[in-house]
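The structure appears below as structure tokens.
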Amino acid sequence: MGPPRAASPAAGAVDATAGVTVKVEIKNGIFELTLSNPDGIITGVRYNGVDNLMEILNKEDNRGYWDLVWNPPGQKTGIFDVIKGTEFRIIYQDENQAEVSFTRNWDSSLEGKAVPLNIDKRFIVLRGSSGFYTYGIYEHKEGWPDFGLGETRVAFKLRKDKFHYMALADDRQRIMPMPDDRLPPRGQPLAYPEAVLLVDPINPDLRGEVDDKYQYSLEDQYNNVHGWMSFDPPIGFWQITPSDEFRTGGPLKQNLTSHVGPTMLAMFLSAHYAGDDLSPKFTNGEYWKKVHGPVFMYLNSSWDGSDPTMLWEDAKVQMMIEKENWPYCFALSEDFQKTEQRGCVSGRLLVRDRYIDDQDLYASGAYVGLALPGEAGSWQRECKGYQFWCRADVDGSFYIRNIVTGNYNLYAWVPGFIGDYRLDATLTIASGNDIYLGDLVYEPPRDGPTMWEIGVPDRSAAEFYVPHPNPNHVNRLYINHPADRFRQYGLWERYAELYPNSDLVYTVGQSDYSTDWFYAQVNRKLDDNTYQTTTWQIKFNLDSVSTSSTYKFRVALASSALAELQIFFNDQDKALPHFATGLIGRDNAIARHGIHGLYLLFNIDVASAWLVQGVNTIYLKQPRSLSPFQGLMYDYLRLEGPCGC
């Protein structure tokens, strides 16, 4: 491998006023990476006979870059910052590897002008490797000013004349619109800027479809490889994330992937599908340091461009190779811990619910993870530290490997059961630790036998009724696509069409939640473009009521967006509800085509005096109606009888 070197000036038009610039080139015989110096912006990727895979029509600082969004205290609007280094260093270089660094350091003269972080962007090229790695070390020193961090990521803008086919899963790949298709008159904006109706796209086959980058989001647990393919020549450009440890919010956190541009993102931290809860605030001069990445940008090619699945299948194989090699031994920052510096935790999780089984049950498929110490369930809002997760085996056994040293709590949740588990102990991981915890028992919330239940406790509303989209607002990728049918645009508007004059009524024992329970409790749009609150009803029969006893109503929410849930038992005209959440949620999953945001569980004591023998009605009211996107998604609802009834 040749050393990183200054690039030669290109022949072409003369601009006598231009300043002197020096670029950094790293090549290994397979491809060539060009970075601006000292900015550390990816200006060029030469591969397979193509001079530059990055968008050459863009300015050089708008091709491949690290960025963040931050805000000083008291300022709500975030400041977008493309991170440009001020100092370039060669960390290491020989014939097998090159690692370079672009740093930007903060001092008090920059207060209020720049985010108070020291940032070190690293790039790595290995011999024989068809691609490059990048990672970043962020540091906020003790005593530095307070600030909030709304987002940080790496973005890649590829050539729009070549990359037209996008893939992020076996069943989620397609020919994409051009960026010009999103602009008038070719594109017609819909309810918000990200959603556009393609009225006259360059590719006529796409006419009448909706394009919205949020239709291509993924949960982080599945967000391992995505990217773009060119047909002429057949080239793939892929973003591979081998570990979730540096991403925030746990395995269910949803993030953007690739979208029209062609744009490809490696997301590390964002408020998408969560709201401000997932934007860390650094206060009182606290010290913080974190490594984001490394992530891998993989390049591949084939002789035959007629079958794009060949490049996709190869990218998946490479993703598995990267996962197996994690944590990388070649990343040279001392802040990135190698295998021998890390620890492991194992054990077995059981579930104890005596109203289901007299014996403890295996927590099969449970999500078990380590995150910074907090309350049960706090991991889904944790956004400063590292997280390490696995899925339990069929017998509840789990083994979490390669844990960065530090103090953690162990958390879990079990599909099929409500609530969150937390081991009541702080685990201190030291280098080389292999901690065996033995059998752990989770006792999910339970006061009495199940009288009835609606849905499946899996933190998602996917089991409920998701309507067909408006035929004029379709993304054809998701037609006949059961797993992702909720990703169509405008599904919230279908509620008013299904229930134009009255709201949803669900009768226990007769109704079927897969067809009779709408996936989201949304407002009803009226003819004058205002919105009306909605009140759903659950009707159920009680043969008798145990007087002087307390029943329990459990409501698990999969999403909430500037909403409120008010609950009335048999009297919807009561001046005050029997229970109200107050204003909850900012995850915006309804507008962003998600089927969940952040999980909430409410456990409501129900006095027997609120119930009657015979037919009862629970009224679920969402009283806030300024927007079509204010609403709730339910995960699961259950009424429990008194203990022993």
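As the structure is a prediction and not an experimental result, all values here were calculated from the model.
In this structure, OG1 on T257 lies 11.0 Å from NZ on K213, to the nearest 0.5 angstrom. Note that the CD1 atom of I83 and the CG atom of D120 stand 11.0 Å from one another [nearest 0.5 Å]. Expressed to the nearest 0.5 Å, how far CG of D205 lies from CG of L198 amounts to 12.0 Å. Residue L218 holds its CG atom at 12.5 Å from CE of M267, rounded to the nearest 0.5 Å. Interatomic distance, OG of S36 versus NZ of K84, reported as 7.5 Å (0.5 Å rounding). Remark: R182 CZ to Q188 CD distance equals 13.0 Å, nearest 0.5 Å.
At least one side-chain heavy atom of L265 sits less than 4.5 Å from a side-chain heavy atom of H259. Using a 4.5 Å cut-off on side-chain heavy atoms (C-beta onward), Y65 and D39 make no contact. Under the 4.5 Å side-chain criterion, counting only non-hydrogen atoms from C-beta, V69 is not in contact with L149. The shortest side-chain heavy-atom distance between I137 and F336 does not fall under the 4.5 Å cut-off. For the pair I30 and Y47, the minimum side-chain heavy-atom distance is below 4.5 Å. Side-chain atoms of L117 and F147, non-hydrogen and from C-beta on, do get closer than 4.5 Å to each other. A 4.5 Å side-chain heavy-atom check between F296 and M319 finds every atom pair outside the cut-off. Counting heavy atoms from C-beta on, the side chains of Y165 and S230 never come closer than 4.5 Å.
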Please test K157 against E55 for salt bridge (Lys or Arg N to Asp or Glu O under 4.0 Å), starting from the C-alpha separation and ending with a verdict. CA-CA 6 Å; K157 310 287 183 67; E55 181 50 87; over 6 Å; no
Could you please spell out the steps behind the ring-ring contact (aromatic ring centres under 6.0 Å, His included) verdict for Y519 and F486? CA-CA 9 Å; Y519 81 103; F486 57 86; 8.3 Å; no
Apply ring-ring contact (aromatic ring centres under 6.0 Å, His included) to F268 and W66, showing your working. CA-CA 11 Å; F268 302 118; W66 283 73; 5.2 Å; yes
Verify side chain to side chain contact (heavy atoms under 4.5 Å, CB included) between W389 and I400, making sure each step is shown before the conclusion. CA-CA 7 Å; W389 289 85; I400 306 172; over 6 Å; no
Between R207 and D181, does a salt bridge (Lys or Arg N to Asp or Glu O under 4.0 Å) hold up when you go through it step by step? CA-CA 10 Å; R207 182 177 289 115; D181 293 337; over 6 Å; no
Could you go step by step and tell me if R89 and E99 meet the salt bridge (Lys or Arg N to Asp or Glu O under 4.0 Å) rule? CA-CA 9 Å; R89 291 181 299 147; E99 179 166 339; over 6 Å; no
Between K323 and N224, does a side chain to side chain contact (heavy atoms under 4.5 Å, CB included) hold up when you go through it step by step? CA-CA 9 Å; K323 280 177 157 299; N224 304 128; 3.6 Å; yes
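Y399 contributes no side-chain N or O that, together with a main-chain N or O of A392, makes up a donor-acceptor pair within less than 3.5 Å. Looking at Y489, its side chain never comes within 3.5 Å of a backbone N or O of D211 through a donor-acceptor pair. No donor-acceptor distance shorter than 3.5 angstrom exists from the side chain of K27 to the backbone of L33, with no hydrogens or angles considered. No donor-acceptor pair closer than 3.5 Å links the side chain of N52 to the backbone N or O of I56. In this structure, E87 contributes its side chain and P38 its backbone to no donor-acceptor pair below 3.5 Å. At distances below 3.5 Å, not a single donor-acceptor pair connects side-chain atoms of R342 with backbone N or O atoms of T339. Side-chain atoms of Q337 come within 3.5 Å of backbone atoms of T405 as a donor-acceptor pair (strictly under, hydrogens ignored). Side-chain atoms of T248 never come within 3.5 Å of backbone atoms of K384 as a donor-acceptor pair (strictly under, hydrogens ignored). Looking only at distances, no side-chain donor or acceptor of D81 sits under 3.5 Å from a matching main-chain atom of L68. Between the side chain of R247 and the backbone N or O of D220 there is at least one donor-acceptor pair closer than 3.5 Å.
Counted by atom type alone, Q239 and T241 present one or more donor-acceptor pairs between their side chains at under 3.5 Å. No hydrogens or angles considered: a donor-acceptor pair under 3.5 Å links the side chains of N300 and W238. Side-chain contact, Y478 with R172: a donor N or O sits under 3.5 Å from an acceptor N or O. Counting only N and O atoms by type, the side chains of Y92 and D94 include a donor and acceptor under 3.5 Å apart. In this model, a donor atom of one side chain and an acceptor atom of the other lie less than 3.5 Å apart for N475 and Y216.
The aromatic rings of Y133 and Y328 lie perpendicular to each other, with more than 60° between the two planes, well past the 30° mark.
Of all heavy-atom pairs between F330 and Q97, the closest is O-NE2, 2.8 Å. Nearest heavy atom pair, residue Q341 against residue S431, reads O-OG, 2.7 Å. Contact detail for S279 and A271: the closest heavy-atom pair is OG-CB, 3.7 Å. Closest non-hydrogen pair, S559 versus A589, comes out as OG-CB, 3.5 Å. Listed here is the closest heavy atom pair of R63 and T43: NH1-O, 2.8 Å. Annotation for L126 and N28: closest pair O-ND2, 2.9 Å, computed over non-hydrogen atoms.
In terms of the ring-ring contact (aromatic ring centres under 6.0 Å, His included) criterion, residue partners of Y214 (sequence neighbours excluded) are, by chain and number, H272. With sequence neighbours excluded, the residues forming a ring-ring contact (aromatic ring centres under 6.0 Å, His included) with Y138 are H292, listed by chain and number. Scanning for ring-ring contact (aromatic ring centres under 6.0 Å, His included) contacts around F102 gives F88, F123, with sequence neighbours left out.
Residues Y298 and F132 place their aromatic rings such that the two centres sit no closer than 6.0 Å. When ring centroids are compared, W492 and F629 come within the 6.0 Å threshold. In this structure, W379 has its ring center no closer than 6.0 Å to that of Y386. Taking the six-membered ring where the residue is Trp, the centroids of W228 and F237 are separated by 6.0 Å or more.
The environment of E340 atom CD is dense: over 12 non-hydrogen atoms of other residues, nucleotides or ligands sit within 6.0 angstrom. Environment of CZ in R586: sparse, with no more than 12 heavy atoms of neighbouring residues, nucleotides or ligands closer than 6.0 Å.
Of the candidates K253, H596, Q254, E219 forms a side chain to side chain donor-acceptor pair (under 3.5 Å) with just one, namely H596.
With a 6.0 Å cutoff to the six-membered ring centre and a 45° limit on the axis angle, R592 does not count as a cation-pi contact of Y273.
A salt bridge links E60 and K23; the closest N-O separation between the charged side-chain nitrogens and carboxylate oxygens is under 4.0 Å. D335 and K289 are joined by a salt bridge, as a carboxylate oxygen and a charged side-chain nitrogen come within less than 4.0 angstrom of each other.
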